[in-house]
Amino acid sequence: QAHAKVWHLYNDHFRPTQRGKVSIALSSHWIKPQRMTEKNIKECQKSLDFVLGWFAKPIFIDGDYPESMRSNLSSLLPEFSEVEKKYIKGTADFFALSFGATLSFQLLDSHMKFQQLESISLRQLLYWISSEYNNPQIFIVENSWFVSGSTKRDDAKYIYYLKKFIMETLKAIRYDGVNVFGYTVWSLLDGFEWHRGYSIRRGLFYVDFQSHDKKLMPKSSVLFYQKLIEKNGFPPLPENQPIEGIFPCGFAWGIVDNYIQVDTTPAQFLDSNVYVWDVHQTKKLIKVDGVFTSKRKRHCVDFAAIRLQISLLQEMHVTHFHFSLKWSLILPLGNLSLINHTLVHYYQCFASELLRVNITPVVALWQPMAENQELPVSLAKYGAWENPETIQAFVEYAKFCFTSLGKYVKFWITMNEPSMKNLTYTAGHNLLKAHAKAWHLYDKEFRRSQKGKISIALQADWVEPACPFSRNDQEVADRILEFDIGWLAEPIFGNGDYPQVMRAWLHRRNSVDLYNFHLPYFSEDEKKLIQGSFDFFALSHYTTTLVGWEKEDALKYDHYLEVQMINDITWLHSPNRAAVVPWGLRKLFKWVKSKYGDVPIYVMANGIDDDQNMVHDKLRVYYIQNYINEALKAYTLDNVNLQGYFVYSFNDKTAPKYGLYSYVANQYEPKPSMKHYREIIDNNGFPGPETPELLCPEEIASCPECHFFRTRKSLLAFISFIFVAFIVTIFFITYYSKRVERRYK
């Protein structure tokens, strides 16, 4: 009633001359149902009625309280007279909303939630207000998040929540038709936050409460908000717009299956036993004891699993297929004393069948997995990569693979995605030496005859400073890139030794802390051995991470590297919370080129998880489209020597949630993402009307029929002999029959 009287006072006596506006600022939260049931939805409505509708409904609708309040509170809620209702109704020139400054974010009385879930969705609240109160003009008079009281000037967490709220406001305007005409950040300065005291900060300006004059300093959020105001929102950045163009001739379009489906079950044709079908009683086959047929040689066609996988790959139109061998199964004892010849034959057949259909096999010798790191048990038991003896064991294994499979495989990966988080410095040291020795072995003994190429594949996610205006955050990002990628890349692609940033940081930590992280040293001979042991730079890339130096969230803070992991909540995320950040791939390419020169680059794996229950994997379609387009920008605009791109992964059976083929009830079905990727492959990129036509020299297609005969020379000779004998027989029969005829005449 007091508000209504003031509004009428202004309306009657001041508005004609001052021409201003008057309203009441209402705080609110947003609530969502625990489950989408009618009862829970009504409880959510009740929650908003009790908090926001309590004041909003009398003013913006009919002068009276919400019906849900009346029915629940009965006599506790005062009654308005009809005159008072008319007096209160319409006493607002706009809807002034406070969101997040007082009521929201765990400050709401738990009873007011009615057992539902509080949410920070400003967009949904704006839409609800617009629908509930006849689309009023809305002015957001307070909105913010908060950071820890210990955070000083680089308030990245505050920035990304502010970005989220303003983006949601823009979406409400653009997509939902909500009439929002103003936005106000809370607050200008850090201050006393009521019951939270000085434990949190909300200001755009940092206040040093310990100093005598309460010194003010602008935070990173000031610069962010200033830029946002200058641009009046989030205009599209030119560098993030898709481009048209195509990749070079011979570009490798691939797919990944970390471990192919191996089924070495013998075919029925290899069984030398004789069976009788009991059609009258058991209806089963009964083996006849003591009777055998002659055994025949194994053939690749005996492996039924291979044919199915090859047909799926053909359907995709890929030119390359990347998979890893299982060291622990090929050499179970870790040496050549016991060899799984059946598995080796399976791999040989798989690779030869790939070649038969013009798909290049890309084979990794080793990829770490959870169980024993995919090492033979004897090696895993005695220290794994911590043990120097694993180096020589790997070299022997590599030599066996080059010998057994080199006839078919011309594209080798020594180690695929060594896990940096689970790798000790000693293990990484030995792993580098094992890679280098395997590379030199191939280079000296196999390259000339097999004419292949070989390198290591590293996981390389991009790391971006959380505050783009902060020098400290940039230093942290640079440090993490060196620890995550440079650790193994610098010795091979750089100067033969570990990054100087790593050595300096570990020296500093060891001198001031109780830590004792020893980064081993290479001898000069070892540096020469490792440096340059590559034919290309192979990397796997999945996402981008934001990092800062201010400690904000203890659960996401790495004390060892003094880095805070930050999440941009405006980014698109997968069900497993992987961020979709296509531009991170292009930045990674530029970083690799700036550090290691014009080295040929292959993206050996790039993919994202999606909801397995979804029929249409729209997120993966979006992911593939935009990441490949960023790769095209790197190739065409940045002159990055990009040679190939592989999607992860082949199917859901071997990589659940990541596959381009679903696997249900023993059936493979192509997802929309597979068809979209196939279209990109067929177009060799994203050609447009002005894209010049690329005339590629025709590749000599391998002939499947020719391959059939090449691999079955004995059969061909036998058929040729029968054919010649048949022709000669026909000739003699014809010749002698004619002579007999002439004699009788």
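Keep in mind that this is a model prediction, so the values were computed, not measured.
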Problem - N651 and Y668 side chains, donor-acceptor separation under 3.5 Å - result: no

Practice task
Could you verify whether a donor N or O on one side chain and an acceptor N or O on the other, from Q459 and S540, lie under 3.5 Å apart?
Solution key: no

Exercise for the section: Would you name the heavy atoms of Y542 and D461 that are closest together and state the gap between them? Expected result: N-OD1, 2.8 Å

Practice task
Give a yes-or-no answer on whether the side chains of D638 and Y635 include a donor-acceptor pair shorter than 3.5 Å.
Solution key: no

Completion exercise
d(Y648 OH, R620 CZ) to nearest 0.5 Å is 10.5 Å

Practice task
Answer yes if the ring centres of W366 and Y397 are under 6.0 angstrom apart, and no otherwise.
Solution key: no

Exercise for the section: Scan side-chain atoms only and decide if D682 and H317 contain a donor-acceptor pair under the 3.5 Å cut-off. Expected result: yes

Fill in the blank from the handout: Closest heavy-atom pair, L458 versus I485, reported as atoms and distance to 0.1 Å, is CD1-O, 4.2 Å

Problem - Side chains of S533 and H440, donor plus acceptor under 3.5 Å - result: no

Practice task
Indicate yes or no for a side-chain donor-acceptor contact from N340 to the backbone of L343 under 3.5 Å, with no hydrogens or angles considered.
Solution key: yes

Problem - Partner of F323 by ring-ring contact (aromatic ring centres under 6.0 Å, His included), out of Y346, F350, F646 - result: F350

Handout entry: F686, CZ: over 12 other non-hydrogen atoms inside 6.0 angstrom
Key = yes

Handout entry: Sub-4.5 Å side-chain heavy-atom contact between I456 and I413
Key = no

Practice task
Please report the closest heavy-atom contact between S455 and H435, naming both atoms and the distance.
Solution key: C-CE1, 4.0 Å

Exercise for the section: Test ring-ring contact (aromatic ring centres under 6.0 Å, His included) on F589 and W591 and set out the steps. Expected result: CA-CA 5 Å; F589 286 148; W591 183 84; over 10 Å; no

Exercise for the section: Give a yes or no on this: more than 12 heavy atoms of other residues, nucleotides or ligands lie within 6.0 Å of atom NZ of K399. Expected result: no

Exercise for the section: Please name the pair of heavy atoms, one in W253 and one in G685, separated by the smallest distance, quoted to 0.1 Å. Expected result: CZ2-N, 4.0 Å

Handout entry: Side chains of Y623 and D610, donor plus acceptor under 3.5 Å
Key = no

Exercise for the section: State, to 0.1 Å, how close Y627 and L585 come at their nearest heavy-atom pair, and which atoms those are. Expected result: O-CD2, 3.5 Å

Exercise for the section: May I have the step-by-step check of ring-ring contact (aromatic ring centres under 6.0 Å, His included) for F650 and F321, ending in yes or no? Expected result: CA-CA 9 Å; F650 182 18; F321 180 59; 5.6 Å; yes

Practice task
To the nearest 0.5 angstrom, please state how far the CG atom of L423 sits from the CH2 atom of W487.
Solution key: 4.5 Å

Exercise for the section: Look at the rings of H573 and W571 and say which category their plane angle falls in: under 30° parallel, 30 to 60° tilted, over 60° perpendicular. Expected result: tilted

Handout entry: Backbone of I454 reached by a side-chain donor or acceptor of D535 within 3.5 Å
Key = yes

Exercise for the section: Indicate yes or no: at least one non-hydrogen side-chain atom of K453 is less than 4.5 angstrom from one of W412. Expected result: no

Practice task
Would you kindly check if the NZ (Lys) or CZ (Arg) of K326 is within the cone defined by 45 degrees around the ring axis of Y259 and under 6.0 Å from the six-membered ring centre?
Solution key: yes

Practice task
Tell me, yes or no, whether the heavy-atom count around K633 atom NZ, taken from other residues, nucleotides or ligands under 6.0 Å, exceeds 12.
Solution key: yes

Handout entry: CG on L308 to CG on L313, rounded to 0.5 Å
Key = 9.5 Å

Handout entry: Audit row: Q625, Y677, side chain to side chain donor-acceptor pair (under 3.5 Å) steps and yes/no
Key = CA-CA 8 Å; Q625 169 83 13; Y677 184 44; over 6 Å; no

Practice task
May I ask you to say whether R307 pairs ionically with E353, meaning some side-chain N is under 4.0 Å from a carboxylate O?
Solution key: no

Problem - D609-S574 side chain donor-acceptor pair, cut-off 3.5 Å - result: yes

Handout entry: Side-chain touch E669/Y663, heavy atoms, less than 4.5 angstrom
Key = no

Practice task
Taking the side chain as every heavy atom from C-beta outward, state whether L338 and L331 have any atom pair closer than 4.5 Å.
Solution key: no

Exercise for the section: Look at the side chain of T543 and the backbone N and O of A578, then say whether any donor-acceptor pair between them is shorter than 3.5 Å. Expected result: no

Handout entry: Salt-bridge contact E396-K437 (side-chain N to carboxylate O under 4.0 Å)
Key = no

Handout entry: CD (E693) with more than 12 external heavy atoms under 6.0 Å
Key = no

Problem - E315 side chain to P670 backbone, donor-acceptor under 3.5 Å - result: no

Problem - Check: C401 main-chain N/O paired with S404 side-chain donor or acceptor under 3.5 Å - result: no

Completion exercise
Separation between OG1 (T426) and CG (L431), nearest 0.5 Å, reads 12.0 Å

Problem - N430 side chain near T390 side chain, heavy-atom distance below 4.5 Å - result: no

Handout entry: Main-chain N/O of A252 paired to T319 side chain as donor or acceptor, under 3.5 Å
Key = no

Practice task
Would you check if F251 and L642 make a side-chain contact, meaning some heavy-atom pair closer than 4.5 Å?
Solution key: yes

Problem - R447 NZ/CZ over W439 ring centroid, <6.0 Å and within 45° of normal - result: yes

Exercise for the section: Please indicate whether E389 has more than 12 foreign heavy atoms, meaning atoms of other residues, nucleotides or ligands, lying under 6.0 Å from its CD. Expected result: no

Problem - Close side-chain approach of V581 to W462, heavy-atom, < 4.5 Å - result: no

Problem - N258 side chain to S324 side chain, donor-acceptor N/O pair below 3.5 angstrom - result: no

Practice task
Tell me whether the centres of the aromatic rings in F411 and Y602 are closer together than 6.0 Å.
Solution key: yes

Practice task
Establish, from distance only, whether the side-chain atoms of D617 and S673 form a donor-acceptor pair under 3.5 Å.
Solution key: yes

Practice task
Kindly say whether F247 contributes a backbone atom to a donor-acceptor pair with the side chain of N684 at under 3.5 angstrom?
Solution key: yes

Fill in the blank from the handout: When rounded to the nearest 0.5 Å, the distance separating OG of S328 from CG of L375 is 8.0 Å

Exercise for the section: Starting at CG of N606, measure out to CD1 of I628 and round the result to the nearest 0.5 Å. Expected result: 7.5 Å

Problem - Lys/Arg N to Asp/Glu carboxylate O, D652 vs K657, below 4.0 Å - result: no

Exercise for the section: Decide whether W583 and N626 meet the rule of one side-chain donor and one side-chain acceptor closer than 3.5 Å. Expected result: no

